[in-house]
Protein chains: 2
Amino acid sequence: MTPTITAFQESPDQGQGQARDMRVRWALEEVHQPYGVRLVSFREMKEPEHLRIQPFGQIPSYEEGELQLFESGAIVLHIAERGTGLLPDDLDARARAITWMFAALNTVEPPLVEIEAAMLVEGDKPWYAQRLPLLQERARTRLDSLSRRLGDAQWLDGSFSAGDLMMIGVLFRTKDLGLLEKYPNLHAYVGRGESRPAFRRAFAAQHAVFEASQHA
Amino acid sequence: MTPTITAFQESPDQGQGQARDMRVRWALEEVHQPYGVRLVSFREMKEPEHLRIQPFGQIPSYEEGELQLFESGAIVLHIAERGTGLLPDDLDARARAITWMFAALNTVEPPLVEIEAAMLVEGDKPWYAQRLPLLQERARTRLDSLSRRLGDAQWLDGSFSAGDLMMIGVLFRTKDLGLLEKYPNLHAYVGRGESRPAFRRAFAAQHAVFEASQHA
């Protein structure tokens, strides 16, 4: 059964791969699972048909026969459990890889998204310039910890796993905030992720959606 | 092997059960798994010994023989996979329960934590009063979606699962923000969680830590 995922019909990031479907595409490519994509417009995302699958009116979602999932973390975990190469066989190592998935999504991503949201929604507010250092400091606290833990290692815990995929997906997404420049090891870590063939195929696929929308 | 978790030595919330060890305690109680607790001070949390287990210098962490985990989401998932009663046997239903865990942590919790952080860190800033409605609106968008999806159901997807545990853990944690009052079904949902014997045992255990610290 070929799964179908949803992605933005109109890429808000001009095809830079910053939307959350990128992580899901990357995971599918890592396990060599063919997939279909249903593009949804911003209007369709808030309509009952999509809300039945994605109750928060976002992308991505995942459909595979009767199964309907949402949340990039849950989808990537499902793909990793069904396929091979994204989760270690050893049960302890597997639990640690999943820990890094949650760390990426619940500890590292929120302060980065907060900066993005502030830029987008409060960039014209009088307090924006005063708040930005506060937000950057909060993000750096997390990046300091992550950088210290990664050290000189290639990946967070042994071989490349769904934990790395999710962490790199989060860091890649917020690359243009300029926060990674202070951390050569995190910068190189993201680069290792980006150079994986599966990442490149995923990136090309989402970029093609943007290209097509330009010529529509 | 009895697992050991970490929790705050000095409860920042005066024993109200809002720290993230509460979710882990609750999951352990649901599966009837005895556990030990190691209390850490704010100073110890930032020291190398704790950072080896929890690289972001937070609580909770989880140790079980050689296995060391952190992130409440990863720990609860590990407990749910080892025990019985928190994840359905049916694989599709299991994947959906895990989806709600990620939704709780990555979609519902961040805007609630953002309000808490603003109150704590920016409560005395001139922009606080102007920003608060923005933050509340962001949180309500998520709560609206959650309330609509839950509807009249007892739990989010069939029987009580780790997804409900995590969602109720998140909503319970931020109960005193006053945001739930607009949603009678979410309020009742949290109440159903709180009335579970396992929740009560977990709450009593973390409250006892606070009580003990008062008489130390």
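Throughout, protein chains are lettered first and strands after them, A, B, ... in sequence-line order, and every chain is numbered starting at 1.
- Atom CG in L179(A) sits 10.0 Å away from atom CG in L171(A) (nearest 0.5 Å).
- With a 4.5 Å cut-off on non-hydrogen atoms, L134(B) touches chain A through its side chain but not through its backbone.
- The most heavy-atom pairs under 4.5 Å with chain B, out of G57(A), A95(A), A74(A), P126(A), come from A74(A).
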As a quick check of understanding, evaluate side-chain contact (heavy atoms from CB on, under 4.5 Å) for L186(B) and V190(B), giving each step before the final call. CA-CA 6 Å; L186(B) 295 183; V190(B) 174; 5.5 Å; no
Are F160(B) and L165(B) close enough, and set up right, to give a side-chain contact (heavy atoms from CB on, under 4.5 Å), and what steps lead you there? CA-CA 8 Å; F160(B) 178 79; L165(B) 185 150; 3.9 Å; yes
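- Counting heavy-atom pairs under 4.5 Å between each of F102(B), F70(B), F56(B) and chain A puts F102(B) at the top.
- Ring pair F203(B)/F172(B) is perpendicular by interplanar angle, where above 60° counts as perpendicular and below 30° as parallel.
- In terms of heavy-atom pairs under 4.5 angstrom with chain A, the leader among I98(B), L69(B), L91(B), I75(B) is L69(B).
- For A162(B), the side-chain contact (heavy atoms from CB on, under 4.5 Å) partners two or more places apart in sequence, or in a different chain, are V76(B), A80(B), L86(B), L87(B), M101(B).
- Between I79(B) and P3(B) there is no side-chain heavy-atom pair separated by less than 4.5 Å.
- Residues L146(B) and L156(B) meet the side-chain proximity criterion, which asks for heavy atoms closer than 4.5 Å.
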What are the sub-3.5 Å donor-acceptor pairs between chain A and chain B, distances to 0.1 Å?
residue : atom : partner : partner atom : Å
L51(A)  : O    : R149(B) : NH2          : 3.0
R52(A)  : O    : R149(B) : NH2          : 2.7
E71(A)  : OE2  : T107(B) : OG1          : 2.4
E81(A)  : OE1  : R94(B)  : NH1          : 3.3
R94(A)  : NH1  : E81(B)  : OE1          : 3.3
L105(A) : O    : N106(B) : ND2          : 2.5
N106(A) : ND2  : L105(B) : O            : 2.5
T107(A) : OG1  : E71(B)  : OE2          : 2.4
E122(A) : OE1  : R131(B) : NE           : 2.6
E122(A) : OE2  : R131(B) : NH2          : 3.1
R131(A) : NE   : E122(B) : OE1          : 2.6
R131(A) : NH2  : E122(B) : OE2          : 3.1
R149(A) : NH2  : L51(B)  : O            : 3.0
R149(A) : NH2  : R52(B)  : O            : 2.7

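- What you find for I59(B) and A19(B) is that their closest heavy atoms are CD1-CB, 4.3 Å.
- Contact between L135(B) and A118(B) at its shortest, heavy atoms only, is CD1-CB, 3.7 Å.
- Residue L77(B) touches chain A through its side chain alone, counting heavy-atom pairs closer than 4.5 Å.
- Options G73(A), P111(A), G65(A), A93(A) differ in how many heavy-atom pairs under 4.5 Å they form with chain B, and the most are formed by G73(A).
- When heavy atoms are compared at a cutoff of 4.5 Å, V121(A) approaches chain B solely by way of its side chain, counted from C-beta outward.
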